[in-house]
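Note sheet for the following structure.
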2 protein chains.
Amino acid sequence: MSDNKKTTRRVTSVDVAREAGLSRATVSFVLNNTPNQSIPQATRERVLEVAARLGYTPYAPARTLRSGRSDVAVFVLPDWPQGHTMADLIDRAAQVLGEAGLTLVTHVHAGEDDGLARLWSALTPAAVFGMRPFTPQERESMRRAGISAVLPPSQPSDHDLSTSFWIRGIGRLQAEYLIGKGHTRLACALPDDPRLAALGRGRAEGAAQACADAGLPAPVMSTLPMETADAAGVVASWRDAVTAVCAYNDDVALALLAGMRTLGLAAPGDLAVIGADDIPAARFAVPALTTVAQESGEMGARIARALLAALEGGSPELDFLPDTVHVVERESA
Amino acid sequence: MSDNKKTTRRVTSVDVAREAGLSRATVSFVLNNTPNQSIPQATRERVLEVAARLGYTPYAPARTLRSGRSDVAVFVLPDWPQGHTMADLIDRAAQVLGEAGLTLVTHVHAGEDDGLARLWSALTPAAVFGMRPFTPQERESMRRAGISAVLPPSQPSDHDLSTSFWIRGIGRLQAEYLIGKGHTRLACALPDDPRLAALGRGRAEGAAQACADAGLPAPVMSTLPMETADAAGVVASWRDAVTAVCAYNDDVALALLAGMRTLGLAAPGDLAVIGADDIPAARFAVPALTTVAQESGEMGARIARALLAALEGGSPELDFLPDTVHVVERESA
DNA sequence: TTGAAAGCGCTAACAG
DNA sequence: CTGTTAGCGCTTTCAA
């Protein structure tokens, strides 16, 4: 009749020990499979049985406090909307990390305040991955929080995602594809959303690089409003000067196509359009959108493995190689 | 020259106390703004200054171990791709929770293994929100982990998101809109992706409810493959029997439109189509897609407030009322 | 083979 | 007004 008044007290290893008639040490040994301990099979089973029966769960804070290491990895995401690409990446990364005993969580951070410091002190992650390089201050706060595995590393380099192959490579691949089709005057359609500005610039730089490598003039850079009429205006402004465009992503490409339709222009005849990300809507567009897709799951796995390596004390090797990205050829380019 | 060999030791409150020539207790009091303590302003400033200079950060595990409460909230997300809607929801929820001192992280969980139990014991969250009701086992594991604020609550009810207004309301609103336009024979286009099956069913049930309420026959239920040709097949199978369709979401609606185009059919003349979620691509479709949009930010705030209330010991009141969702009328219906 | 005990960093009751 | 102290639950040496 008398139900427990408050929330029932947590089941600790002491409870298990008492119930099993053993000491906490013994319990801890079997629960952690501590090597170099000769525990009789009978005792072992006894502990396991009692633990299960009592519903014992190790208590993370105590464990972390004692061992100095937590089992949490954090991916810090920017506040712009994430799509399938990121979802796949996270899924695979979580899987790889999980196999190594780490639990992956994500945290979206707009980058304004001191939010990240709060994150470290609320979570004490063992490893952190960010979509953009961390500032020296952020890096310092992580060091203080004792986080040893951080990606990307401090030196801006190829590891810097906003300039890495992962980002620039997309633009480069778009431009190379278009150039391969015989186009010589390109444009880059940049995203309207200010949060996407840096990414947009990164991808456009990749495209510019490809043009330079091919001895072509630099692409025209235009930011593309996400309204059909405004998009049409931008398209009109390109008249004759460009024959193909690298859109920041598929959403932008779709806006472009809509603007062109308004003007009575068709892709790829009047203007070739290539997108990025291969969202579900891309294949259903008219014309079906040619786009760049990424093996984001594979990238997630690589990130996870790099993080794990860093945890082991190695220096994180993170390479976003061309093999993780490819063109999906449809009709628009 | 000699750089510190290992990772420099963590700065603890003892360090601050020593440096400031005070005791840890005093330091703790000022750092936590403990009430009912009369600390001279001078001492207070001294502590703050030293703490800042040394770069002191409280250590979560110790704090949590001692106080029995963590500052972490977790949103458990299903493994299907999340879009803008969820991003907005999470952003706002994080903001509201942040103001209350809680840090929000998300974790994607496919629902297969014991992943959630691992999550609790790696994180010790104070509050948890899930997109779907938790199973009794999961609920039990949370209880054991001492998590007091959980949403949705145990009793399947309106709070059960897969049957709540949040989900069913979408389908209901789609159908009501279509019925309001004079349609009497509806179909529901369900998602192909098995991960989306439950959600799809929920939305379709809402639509069926609306038909029943209007004295109309139940809608035809068809799952729609995400391939133009296959989608066309489904559309063809509806011939004459349906004049309007509620698509699970905008991606499905776009596939539908593509299939119709193949058949030489146009919306809304031959078949009216309404989507859900209002993705960016919706407005650029031909014809522009009429869809149902949600005030997901507002919902995020409500979830956060309900969680906070639960933490205070109140019973979580979570209502997804009609005011969080509305039709965006464009051309396809 | 198992038990006793120390201590991780922090908070809060209790002394002084 | 400030310092001393007792644990929170866990791991892990060290002894028995």
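These numbers were taken from a predicted model, which means no experiment stands behind them. Labels below follow one simple rule: chain letters A, B, ... track the order of the sequence lines, proteins then strands, and each chain is numbered from 1.
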Checklist entry - What is the distance from atom OH of B:Tyr59 to atom OG1 of B:Thr12, rounded to the nearest 0.5 Å? => result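 So the gap between those two atoms works out to 12.0 Å.
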Classify the nucleic acid contact of [X] as base, sugar-phosphate or nothing, counting any heavy atom under 4.0 Å across all strands shown.
X       : result
A:Pro40 : sugar-phosphate
B:Pro58 : sugar-phosphate
A:Ser28 : base
A:Thr43 : sugar-phosphate
B:Ser13 : sugar-phosphate

Find the distance [X]:[atom1] to [N]:[atom2] and express it as a whole number of Å.
X        : N      : atom1 : atom2 : answer
A:Arg24  : D:dC8  : CZ    : C1'   : 11 Å
A:Asn33  : D:dT11 : CG    : C1'   : 14 Å
B:Arg144 : D:dG9  : CZ    : C1'   : 18 Å
A:Arg10  : D:dC8  : CZ    : P     : 13 Å
B:Arg18  : D:dG3  : CZ    : C1'   : 16 Å
B:Tyr56  : C:dC10 : OH    : C1'   : 7 Å
A:Arg46  : C:dT1  : CZ    : P     : 16 Å
B:Leu65  : C:dT11 : CG    : C1'   : 11 Å

Item to check | Partner set under side chain to side chain donor-acceptor pair (under 3.5 Å) for B:Glu49, not counting sequence neighbours | outcome: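 With neighbours one apart ignored, the set is B:Arg53.
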Checklist entry - If you measure from the Lys or Arg side-chain nitrogens to the Asp or Glu carboxylate oxygens, is any gap between B:Arg132 and B:Glu138 under 4.0 Å? => result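 Salt bridge present between B:Arg132 and B:Glu138.
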Item to check | Side chain of B:Arg63 (C-beta onward), nearest among C:dT11, D:dT12, D:dC10 | outcome: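 The closest nucleotide is C:dT11.
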Checklist entry - Which nucleotide in the set D:dG3, D:dG9, D:dT12 lies at the smallest distance from any side-chain heavy atom of A:Ala25? => result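 Selected nucleotide: D:dT12.
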Checklist entry - Should the ring pair B:Phe129 and B:Phe75 be called parallel, tilted or perpendicular, given that the plane angle runs from 0 to 90° and is split at 30 and 60? => result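 B:Phe129 vs B:Phe75 ring planes: tilted.
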Checklist entry - Hey, what bend do you get for the helix from C:dT1-D:dA16 to C:dG16-D:dC1 if you fit axes on five pairs at each end, rounded to 10°? => result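 It comes to 50° between the two terminal axes.
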Next on the checklist: Under a 3.5 Å cutoff, is there a donor and acceptor pairing between the side chains of B:Thr106 and A:Thr106?
Outcome noted: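 Result is yes, a qualifying pair exists.
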Would you please confirm or rule out a distance under 4.0 Å between OP1 or OP2 of [N] and any side-chain N or O of [X]?
X       : N      : value
B:Arg66 : D:dG7  : no
A:Thr26 : C:dT2  : no
A:Tyr59 : D:dT11 : no

Without placing hydrogens or testing angles, list every side-chain donor-acceptor pair under 3.5 Å for residues 83-90 of chain A, not counting sequence neighbours.
none

Checklist entry - Hey, which of these two, B:Ser67 or B:Leu22, hits DNA chain D nearer its 5' end, going by closest nucleotide? => result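 Of the two residues, B:Leu22 wins.
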Checklist entry - Which of these, A:Leu104, A:Val108, A:Leu119, A:Val72, sits in a side-chain contact (heavy atoms from CB on, under 4.5 Å) with B:Val105? => result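 Among A:Leu104, A:Val108, A:Leu119, A:Val72, the one that satisfies the side-chain contact (heavy atoms from CB on, under 4.5 Å) with B:Val105 is A:Leu119.
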Checklist entry - Which heavy atom in B:Leu151 sits nearest to a heavy atom in B:Ile303, and how many Å separate them? => result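 Heavy atoms only, the tightest pair is CD2-O, 3.9 Å.
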